[in-house]
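Only one structure is covered here, and it is reproduced in the block below.
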Amino acid sequence: MTQVAQVVVDVATRQTDQPYDYAIPDDLVSVVTPGMRVVVPFGRRRLQGFVVGIQDHAAFDGKLKPIQQVMDLEPALDHELLALSKWVANTTFAFWITTMQTMLPAAMRAKYARLLVRTDQFPADDAWGRQLFGRSQTIPYPEDLTAAQTKQLRQWADQDAVRVEYKVKNQARAKTRKGVHAPTAAVLAQVTVPNRAKAQQKLLTGLQQAPFAGTLTYAQAAQHYDVSEATIHTAEEAGWLQPATLTIRRNPLDAQTERDAPKSLTPDQTAATDQFVTAVTNKQAHTFLLEGVTGSGKTEVYLQTIQAALDQGRTALMLVPEIALTPQMVHRVYARFGTAVAVLHSGLSDGEKYDEWRRIQHQQAKIVVGARSAVFAPLTNIGVIIIDEEHESSYKQDDSPRYHARNVALHRAKTFHCPVILGSATPSLESRARAEKGVYTLVRLPERINERPLPPVHIIDMRQAGGARVTPDFSPELLSALENTLAKHEQSVLMLNRRGYSAQAMCRNCGWIAKCPNCDISLTVHLAAHKLVCHYCGHEAPIPTRCPVCHSDKIRFFGTGTEKIEDQLQKLLPTARILRMDADSTRKKGGHARILKAFGSGQADILLGTQMIAKGLDFPTVTLVGVINADTALGMPDFRASERTFQLLTQVAGRAGRGDKPGAVIIQTYNPDHYAIQLASHQDYESFFRREMVVRHQGKYPPYYYTVLLTISAPSESVTAQEAYRIAGDLKPLLSKTAIVLGPTPRSITRVNNRYYYQILVKFKKEPALGRGLHNLLTNSQSLAKNHVQVAIDFEPQQIM
DNA sequence: AGCACGCCGACT
DNA sequence: GTCGGCGTGCTC
């Protein structure tokens, strides 16, 4: 009886998004397991694929090709993750292969090499052929061949003089070090070393007096016995130490971290922890919404709940926004749980991520802390899942697979029968509304632990301040507050809401504006690099000295970029040391942490930056927080604009005066009466929630309605529009009367990278047939592929623009 | 995604 | 007459 494996192949297209049947060779029958990565022939290529099932009969009635090799000794995805990958693919309209790849560390994603091999038929006298191959039998397939060369190769291929081979490479490799096994006393007793070999003798007596167990690396052994690594090597050559290969963890975290003990809890914290622990113990797949202001001690509640899960022999998963995954935060978890913690964040190299992933898979790590993708950590027996700052939009991935970590967490929790804790000072409306309906249990931590009052918040009306303003961007109030803070040798943080406010180059004479040739958007001026950059496609151009239209030399810059604000500020406060933190200054690896560290150690007086400084920043030394333009987000045509503004301002306001000195917050705005700004200044989440719910109800938006955004794009605008209308037309008959279809409309920036984008937004309450319908619509649509049309489906999009 | 098969314009 | 353009269709 032949065994047949169903394999999903590494080709992410709609046509190939299905399992293919492969014969399992006899010698692999006992090895091949669902969840394993295998190499299979596909057409004339060789590809990586995932085994998703094993059967004794093929559904395919052609000749089956055999699996070529297995890439794993144990399945890369266990049963739970395999099923989860299928579920995520279905619910996010992604390809199955894409969701499976997403679950693995980057180092485990296949790399393909195309090789050219010459046979003994290969003509020895051909000049180009000799140059091409040199002495090698196999070479990488040559790039950029001329037409004549391609033809020559094809001819040789026909004559069996050359053949093309495909190789699947697995880059994942544990890092190893040379080491030695512990020798037995019996072996040591028999060793003789010459008298003059002082180092050897020292090592030998050392080993006899203080033997070690297991294995040590060369370096460890050398240090331990105070000899050189060469001495260890010599002993190994002499044969009385046995060589060993040790797997090294690339990311050895500060092993010296001092362990801390659980802190005593306030009555509120105790009540919350008790509820969570009960749910862990009773294996309830229940969701809690932990609503607690900044400084109310949510983290301690998390840590003690995790401890309870560990005590019951279970594991824990804790998600944190990437930006909040700071060394301080990570340190806190280590201090409590030591090496049982694995951390997954973007600062790790691929190799380090792979090591952490393996530690989790091998159950050496019981607690996983990480950003969005850590929700797929290969934990088994999960006892609790925590999502901190649950309102953060970064939990939703904005390219395929467009999953929301919160939804994935809820699904895994059901599988493991464990509770989910969603924590936030400003919960998303979706979550807070579910708590209102009793779907989630609302748990509150209303008080700050040290009862430190919230800093006073001043709202500056920038419409009024017009005449008095020192510069267009600084009100007198903000400037004098900055001066005072500087005089007191205290630190300030200034936030600039950059969206839509980047510096542009314009001709004062004719009004010409530098635009991107590939996108419908103006280029942004980067003074430091002295060039124009498109933030959408990355196109770069030099800053012109003369206008290309009227040839005048009156090119000026306008708009408010962080760079420009920094210049203004430096002129206004010549003695201030200003540190700028934005996408440009943090691009390099670790740039973010480096800037924060410099500021934390007092190397600057003012930290100027974009939204990223509102989050993951915790410096007790900061006494003034200024927001230069609070309301740029409010002008966005997005129903979440108010929610975002409220969350951001509430968060920023919580940053001032965390230490002993009182703080102050100054918010400059053109909408001083807007409820999001008013309520944020009072940190009044509950009122904001009630108010915003009314708005959402009237607008038929989440949480009252679900949304699905279809984005249709193609290189031709007419094709894009035509397909968008066709899709909208096909969609409407599938929907009930309560559903609303908006669009198609061109996206606000219609052309990006020479593709045109149209959108359709569907709002609905309950459409059981919609998911299936959308799938069918795309699978059956032949015209799409033909016209290079791409359709992206985003369930519950975070950005609608 | 690749890769091949297949049917129409500018070259040896 | 052939080379080669990229439209169309398949990969277990």
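Bear in mind that the values here come from a model prediction, so they are computed numbers and not experimental data.
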Could you tell me whether A/P41 contacts a base, only the sugar-phosphate backbone, or nothing, with contacts defined as non-hydrogen atoms closer than 4.0 Å? sugar-phosphate
Stacking between A/F60 and the base of C/dC12 (centre distance under 5.5 Å, interplanar angle under 30°)? yes
Measuring centre to centre across the rings, with the benzene-like ring taken for any Trp, is A/Y166 within less than 6.0 Å of A/Y112? no
What's A/R45 touching, base or sugar-phosphate or nothing? Going by heavy atoms closer than 4.0 Å. base
Would you check if the distance from the ring center of A/F122 to the ring center of A/F133 is below 6.0 Å? yes
Between A/H362 and A/E74, do the side chains contain an N or O donor and an N or O acceptor separated by less than 3.5 Å? yes
Please determine whether a side-chain nitrogen or oxygen atom of A/R44 lies at a distance below 4.0 Å from atom OP1 or OP2 of B/dA1. no
Would you call the rings of A/F764 and A/Y706 parallel, tilted or perpendicular, taking 30° and 60° as the class edges? tilted
From CG of A/D17 over to C1' of C/dC10, roughly how many Å is that when rounded to an integer? 16 Å
Sugar-phosphate only, base, or nothing, as touched by A/Y22 at under 4.0 Å among non-hydrogen atoms: sugar-phosphate
Mind checking if A/Y112 touches a base, just sugar-phosphate, or nothing, with heavy atoms under 4.0 Å? nothing
Heavy atoms only, 4.0 Å cut-off, all strands: where does A/R114 land among base, sugar-phosphate and nothing? sugar-phosphate
